[in-house]
Amino acid sequence: CLKYKVVSTDDHLQEAPRTWLDRMSEKKWGDKVPQLRQNPDGTDSWYIYGEKPAQGGLGAVHGLMPDRRNPTHWADVPPKAYVPALRVKAMEEDGVDVHSFFGNIAGVAGNTFQVPEWPQEFREECIRTFNDFQIDAFAEPYPGRFITLEGGDGSVVIELVPRGRD
């Protein structure tokens, strides 16, 4: 039985730069796969389905930034925002036993991927990829430290756990 003293219930999970590129078929989806790109002005942004989303940017990591601003270049994103072992170390330093979090790019319940003009198959694959990322990178290696929040697009139930292993 795990006993928690401090549970942080509103945390952001910053997806790593290759979260979707390493898990989705570039042959099938091409530049539509969510990915980091450099903008013409030299800043970095996520692009999804070949376009920069309206919210743009890299994600909300200002709580980890010394001056509480959001970064404009990936090199300025603190690794503890997306490297699981460093996130656990930061949690320990802050006295936090467990985090529940939602994705910066995937959004709450996968809302980033709820664009009806995108093919349903693409939306589902993006959501499954995010769900797999949070399980594989955070939940399984650090049992009891992270509460993963399922992503879904409202028109389909995407199973998060339990997930069968072959």
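Note that the structure is a prediction, hence the values are computed from the model and not measured.
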Return the set of residues passing side chain to side chain contact (heavy atoms under 4.5 Å, CB included) with [X] (not counting sequence neighbours), or none when no residue passes.
X	value
Ala90	Lys80
Ser100	Thr9, Ile147
Pro79	Tyr82, Val83, Leu86
Pro84	Ala137, Phe138, Tyr142

[X] to [Y] - nearest heavy-atom pair and separation:
X	Y	answer
Trp29	Met24	CD1-CE, 3.8 Å
Asp76	Pro71	CB-CB, 3.9 Å
Pro53	Ile48	CG-CD1, 3.9 Å
Phe133	Leu13	CE2-CD2, 4.0 Å

Kindly indicate whether the side chain of Asn39, heavy atoms from C-beta on, has any atom under 4.5 Å from the side chain of Tyr47.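 A side-chain contact under 4.5 Å exists here.
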
Sequence neighbours excluded, which residues qualify as side-chain hydrogen bond (donor to acceptor under 3.5 Å, both in side chains) partners of Gln35?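 Applying side-chain hydrogen bond (donor to acceptor under 3.5 Å, both in side chains) to Gln35 gives none.
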
Partner set under side-chain hydrogen bond (donor to acceptor under 3.5 Å, both in side chains) for Gln14, not counting sequence neighbours: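 Partners of Gln14 under the side-chain hydrogen bond (donor to acceptor under 3.5 Å, both in side chains) test: Asn104.
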
Atom [atom1] in [X], atom [atom2] in [Y]: separation rounded to 0.5 Å?
X	Y	atom1	atom2	value
Ser8	Phe146	OG	CZ	10.5 Å
His12	Ile105	NE2	CD1	11.0 Å
His73	Leu36	NE2	CG	12.0 Å
Glu140	Thr148	CD	OG1	9.5 Å
Trp46	Thr112	CH2	OG1	11.0 Å
Thr43	Leu58	OG1	CG	8.0 Å

Quick check: is Val88 connected to Val77 through a chain of hydrophobic side chains (ILVMFWY, heavy atoms under 4.5 Å apart)?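 Linked within one cluster.
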
Those residues that, when tested against Trp118, pass ring pair (Phe, Tyr, Trp, His ring centres under 6.0 Å) (two or more places apart):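 Residues passing ring pair (Phe, Tyr, Trp, His ring centres under 6.0 Å) with Trp118: Tyr49, Phe122.
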
Say whether Thr129 and Asp132, considering side chains only, have a donor N or O and an acceptor N or O under 3.5 Å apart.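 Absent: no donor and acceptor within the cut-off.
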
All pairs passing salt bridge (charged side-chain N to carboxylate O under 4.0 Å, His left out) where residues 20-31 contributes a residue, at least two apart: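 Sorted result for residues 20-31: Arg18-Asp22, Lys28-Glu121, Asp31-Arg37.
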
Mind jotting down which residue pairs meet the salt bridge (charged side-chain N to carboxylate O under 4.0 Å, His left out) criterion with at least one end in residues 84-107? Sequence neighbours excluded, please.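 For residues 84-107, and leaving out neighbouring residues, the salt bridge (charged side-chain N to carboxylate O under 4.0 Å, His left out) pairs sorted by first residue read Glu92-Arg145.
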
With a 3.5 Å distance limit and no angle check, can you tell me whether Glu15 reaches the backbone of Phe130 through a side-chain donor-acceptor pair?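 Not at all, since once roles are kept as given, no pair shorter than 3.5 Å links the two residues.
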
